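Reviewing the structure listed below.
Counting starts at 1 for both ligands and their atoms, following the listed order. On a predicted model such as this, the values are computed, not experimentally measured, just so you know. We're numbering straight along the sequence, starting at 1.
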Amino acid sequence: MTLQLRWGARTDRGRVRAINEDAFVATAPVFVVADGMGGHAAGEVASALTVDCFRALAGPGSAPAEDVLGALGEANDRILEHAASSPTARGMGTTVTGLVVVQNGPAEELLAFNVGDSRLYRIRGEDVAQVSVDHSAVQELVDAGLIAPEQAAVHPDRHIVTQALGSNPPPRPDVWFIAPAAGDRFVLCTDGLSGEVPLQELGRLSREIEDPGETADQLVEAALRAGGRDNVTVLVVDVVEVSGDAGPDESTAPRASLTAENPVLPTDLAGNV
Ligand code: MN
């Protein structure tokens with residue numbers, strides 16, 4: 001199975017922040033967004049270091065899945081090194097959310113990963129779903145059944161992430177396979193989109209606009225119209241064609257569905273992060 005993709009990307013400083021601390025790479029087979037945090041522009045460094053590690057995987061064909069995990073570990077190390085080198089950089093970190101075409105046996109498949117509260121959505125026909133699960137204080141409250149997802153969106157603690165790159169001990173990324181289908185659209189974004197634009201509006205624009213670059217533009221415009229209180233980054237990745245033999249069709253799940261039958265990591269990758 002071979003995937004043919006089409007994509008578009010857009011980032012914007014927003015209407016309030018002085019600088020843009022988001023970063024992204026959108027070059028096949030690697031699609032990654034990172035939302036940096038830390039004072040004195042340290043967040044900008046953390047997100048840039050992270051996408052640099054992933055940019056190294058861009059090139060013809062797919063990327064080895066181990067290299068994706070390697071890039072996550074390398075980014076964490078490089079941020080820690082930088083943070084140790086300067087007092088103003090202490091505590092710097094970044095979220096990271098990505099989608100990478102990897103080889104899974106004879107087939108190309110999509111490997112998704114997430115640390116923090118940037119997000120991955122999938123649009124398949126009428127269905128619009130958030131497929132990443134936030135590492136955030138409010139997600140923990142939702143998981144515990146203490147608040148509803150709608151309450152999480154307006155909760156005062158909604159910006160508190162519970163995992164980030166640049167931490168010691170290192171974060172435990174969610175890493176999972178997605179079996180792609182022709183026509184699938186994936187939206188990767190920082191919370192400057194998801195915090196400003198309701199899921200219903202995100203889904204409507206993603207279903208109505210055909211061109212991925214135009215979709216990314218319009219999603220960012222929607223975030224700016226809603227207030228643009230944060231940096232906003234949007235990647236739109238379309239699976240145009242799936243050719244060749246069907247793959248193993250073994251989608252796995254992020255940690256939300258963690259059970260013995262449904263491990264958080266593809267078993268052959270567990271332990272490498
Ligand atoms: Mn943000």
Aromatic plane relationship, Phe54 with Phe113 - under 30° parallel, 30 to 60° tilted, over 60° perpendicular: parallel

Hydrophobic cluster (4.5 angstrom, side-chain heavy atoms) - remaining members for Leu80: none

Pairing of Arg204 and Glu201 as salt bridge, 4.0 angstrom limit: yes

Number of protein N/O/S atoms that sit closer than 2.8 Å to the Mn ion (ligand 1): 3

For Pro29 against Gly61, the heavy-atom pair lying closest together: CG-O, 3.2 Å

Residue pairs fulfilling side chain to side chain donor-acceptor pair (under 3.5 Å) with at least one residue in residues 44-58, sequence neighbours excluded: Asp52-Arg55

Residues clustering with Val236 (ILVMFWY side chains joined when closer than 4.5 Å, directly or via others): Tyr121, Ile123, Val128, Val187, Leu193, Val197, Leu199, Leu202, Leu205, Ile209, Leu219, Val220, Leu224, Val232, Val234

